[in-house]
Peer 1: 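I have a structure I would like to understand better, so I am pasting it below and will then ask my questions one at a time.
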Amino acid sequence: MDIKKTILPDDKLKPLYQDPLKLVFGRTFTDYMFTMEHTAEKGWHNAEIKPYQSLMLDPAANVLHYSQEVFEGQKAYKSPKDEILLFRPQENARRINHSLKRMCMPEIPEEIFLQAEGELVKLEERWIPRAVGASLYIRPAVISTEAALGVKPADRYLFFIILSPVGPYFQEGFNPVGLWVSDSYTRAAQGGTGEAKTGGNYAGTLLASKIAKDKGCSQVLWLDAVEHKYIEEVGAMNIFFIIDNKLVTPKLSGSILQGITRKSVLQIAEDLGIVPEEKQISIDELIEGIKNKKVTEAFGAGTAAVISPVGRISYKDKVYIISQETGPWAKRFFDTLTGIQYGEKEDKYGWVYKVQ
Ligand SMILES: *Cc1c(COP(=O)(O)O)cnc(C)c1O
């Protein structure tokens with residue numbers, strides 16, 4: 001595929017950030033973006049890398065009313081040898097197509113997805129922080145752009161990719177956070193869109209997230225939508241527990257997002273010396289396990305934070321403390337994954353993708 005490029009003169013480029021470790025997530029954007037259009041007649045066409053700019057959308061554009069949208073979240077890293085590294089981007093290419101199919105949108109050939117983000121990241125190399133902990137966040141998204149208020153799949157789409165340099169997720173250090181378990185709000189139901197990375201899934205969780213914050217917790221731990229009994233995930237992260245010295249995570253249920261970090265944690269577990277187990281875990285079982293000290297650790301796993309230690313669970317107005325400090329397994333998984341991502345540890349699984 002030929003990507004048309006509109007390049008700015010050097011004096012029109014944005015000034016680079018001062019301290020990459022102080023970058024707040026998703027506030028700074030680079031000089032360029034990738035766009036590509038889709039129509040029924042032409043398929044995907046008009047691939048372009050051009051200066052970062054606002055989109056022109058008709059106010060009747062389908063996405064603004066009915067949320068026919070999907071996205072991805074990835075990171076580019078600088079290795080000690082100054083290479084540009086992506087982490088398992090083929091998995092994101094596969095997942096965006098899984099989401100697109102679910103949302104009745106046209107799929108993107110995997111090689112085109114990889115070429116588009118590869119060329120954009122390469123052009124924006126100067127924005128990739130060299131500091132460990134910082135990285136260049138990649139946000140691909142597809143939206144329906146047809147101006148029509150009827151509820152139906154649109155006949156026009158836009159695929160775009162924007163880039164945002166980000167600092168470490170934990171500005172105050174790698175400390176355990178609290179999760180609030182909602183026994184009334186739910187994120188996703190069987191048969192719904194929970195397994196797709198689609199915008200509407202997130203809008204619906206904002207109210208419960210606000211309640212979680214009011215209760216002093218950083219995020220919501222979601223339960224299943226039918227019985228409010230089984231643990232699902234955290235909404236931007238999948239959840240793991242160390243129970244009886246086993247690594248336990250909820251089995252994919254159809255309403256849990258299939259995280260690439262989740263998959264990677266499960267894949268490296270045995271090599272790190274712990275047995276992984278995917279199973280249904282009820283909230284009662286978890287609380288019982290915390291009480292009798294069988295649950296020794298909990299942590300979230302997702303691209304943004306990589307591993308996020310969880311120290312306490314609030315459920316039905318009681319707080320259950322797992323640990324005041326970050327546990328050894330959270331540290332081990334964090335160090336191993338980030339070591340591979342930054343090209344500092346041996347990539348024995350073949351997960352690192354070099355952008356040439
Ligand atoms: C993106 C996301 C995750 C984490 O997925 P990764 O591929 O590990 O970044 C988990 N849950 C939800 C709902 C998500 O959107």
Side-chain angles (χ1 to χ4, degrees), residues 25-26 67 69-77 86-100 102-103 110 113 117 135-142 161 164 166 169 177 179 182 185-190 192-206 208-209 212 218-225 230-241 247 249-269 276 278 298-310 330 333-334 336-338 340-341 349 351-353:
F25 185 84
S67 302
E69 187 263 2
V70 307
F71 69 95
E72 272 302 323
Q74 300 169 248
K75 282 175 171 175
Y77 307 88
L86 303 184
F87 184 68
R88 312 186 79 178
Q90 303 89 341
E91 294 283 336
N92 298 90
R94 222 168 286 153
R95 186 170 66 189
I96 201 169
N97 283 324
H98 184 70
S99 302
L100 285 167
R102 178 65 182 83
M103 300 312 288
E110 284 176 24
F113 179 89
E117 61 183 24
S135 57
L136 185 63
Y137 187 79
I138 307 172
R139 169 53 57 87
V142 187
I161 308 174
S164 174
V166 295
Y169 194 80
V177 298
L179 297 180
S182 172
Y185 294 105
T186 54
R187 187 191 85 92
Q190 294 281 322
T193 57
E195 215 183 65
K197 227 171 159 73
T198 180
N201 287 345
Y202 303 82
T205 64
L206 296 177
S209 298
S218 78
Q219 289 180 67
V220 180
L221 178 59
W222 297 102
L223 301 181
D224 76 279
Y230 297 104
I231 295 169
E232 295 243 303
E233 61 156 298
V234 190
M237 295 189 296
N238 295 106
I239 188 82
F240 284 88
F241 303 101
L247 174 76
T249 194
K251 197 165 81 185
L252 295 175
S253 61
S255 48
I256 295 175
L257 198 288
Q258 304 190 9
I260 295 160
T261 318
R262 174 187 183 278
K263 183 172 174 178
S264 306
V265 166
L266 289 171
Q267 283 174 267
I268 63 177
E278 295 175 77
F299 55 87
T303 296
V306 187
I307 298 293
S308 173
V310 173
F333 282 107
F334 180 82
T336 306
L337 285 176
T338 55
I340 295 171
Q341 289 166 338
Y349 311 96
W351 287 343
V352 167
Y353 175 97

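All ligand and atom numbering here is 1-based and tracks the order in the structure.
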Peer 1: What protein heavy atom lies closest to atom 9 (O) of ligand 1? Include the residue and the distance to one decimal.
Peer 2: Thr303 OG1, 2.6 Å

Peer 1: Just which atoms of ligand 1 are under 4.0 Å from any heavy atom in Met237?
Peer 2: 10 (C), 11 (N)

Peer 1: Under a plain distance cut-off of 3.5 Å, with no hydrogens placed, do Ser264 and Arg88 share a side-chain donor-acceptor pair?
Peer 2: yes

Peer 1: So that I know where these two stand, are Tyr137 and Phe25 an aromatic pair - ring centroids less than 6.0 Å apart?
Peer 2: yes

Peer 1: Where the closest heavy atom to atom 7 (O) of ligand 1 is concerned, which of Arg95, Arg262, Glu91 has it?
Peer 2: Arg95

Peer 1: Of Glu195, Glu233, Arg262, which meets side-chain contact (heavy atoms from CB on, under 4.5 Å) against Leu257?
Peer 2: Glu233

Peer 1: Relative to ligand 1, is Thr261 under 4.0 angstrom through side chain, backbone, both or neither, heavy atoms considered?
Peer 2: both

Peer 1: With a 4.0 Å cut-off on heavy atoms, is Gln258 touching ligand 1?
Peer 2: no

Peer 1: Between Gly259, Gly302, Ala236, Ser99, flag the one that comes closest to atom 10 (C) of ligand 1 by a heavy atom.
Peer 2: Ala236

Peer 1: Which residue owns the protein heavy atom closest to atom 12 (C) of ligand 1, what's the atom, and how far is it?
Peer 2: Glu233 OE1, 3.3 Å

Peer 1: Looking only at non-hydrogen atoms, find the nearest pair between Val310 and Gly300 and report the distance.
Peer 2: CG2-N, 4.2 Å

Peer 1: Return the closest protein heavy atom for atom 1 (C) of ligand 1 as residue, atom name and distance.
Peer 2: Lys197 NZ, 1.4 Å

Peer 1: Do Arg139 and Phe71 touch side chain to side chain, with heavy atoms closer than 4.5 Å?
Peer 2: yes

Peer 1: What about Ile260: any of its N or O atoms under 3.5 Å from an N or O on ligand 1?
Peer 2: yes

Peer 1: When you measure from the side chain of Thr249 to the backbone of Ile239, do you find a donor-acceptor pair of N or O atoms at a distance under 3.5 Å?
Peer 2: yes

Peer 1: Sub-3.5 Å donor-acceptor pair from the side chain of Glu69 to the main-chain atoms of Ala141, do we have one?
Peer 2: no

Peer 1: Looking at ligand 1, is there an atom of it that comes within less than 4.0 Å of some heavy atom belonging to Gly235?
Peer 2: yes

Peer 1: With heavy-atom distances below 4.0 Å as the criterion, list the atoms of ligand 1 near Arg187.
Peer 2: 13 (C)

Peer 1: Do any N/O atoms on Asn238 end up under 3.5 angstrom from N/O atoms on ligand 1?
Peer 2: no

Peer 1: I need the Asn92 CG to Ser99 OG distance, nearest 0.5 Å.
Peer 2: 10.0 Å

Peer 1: If we only count heavy atoms from C-beta on, is the Ser135 to Val166 side-chain gap below 4.5 Å?
Peer 2: yes

Peer 1: Under 3.5 Å between some N or O of ligand 1 and some N or O of Tyr202?
Peer 2: yes

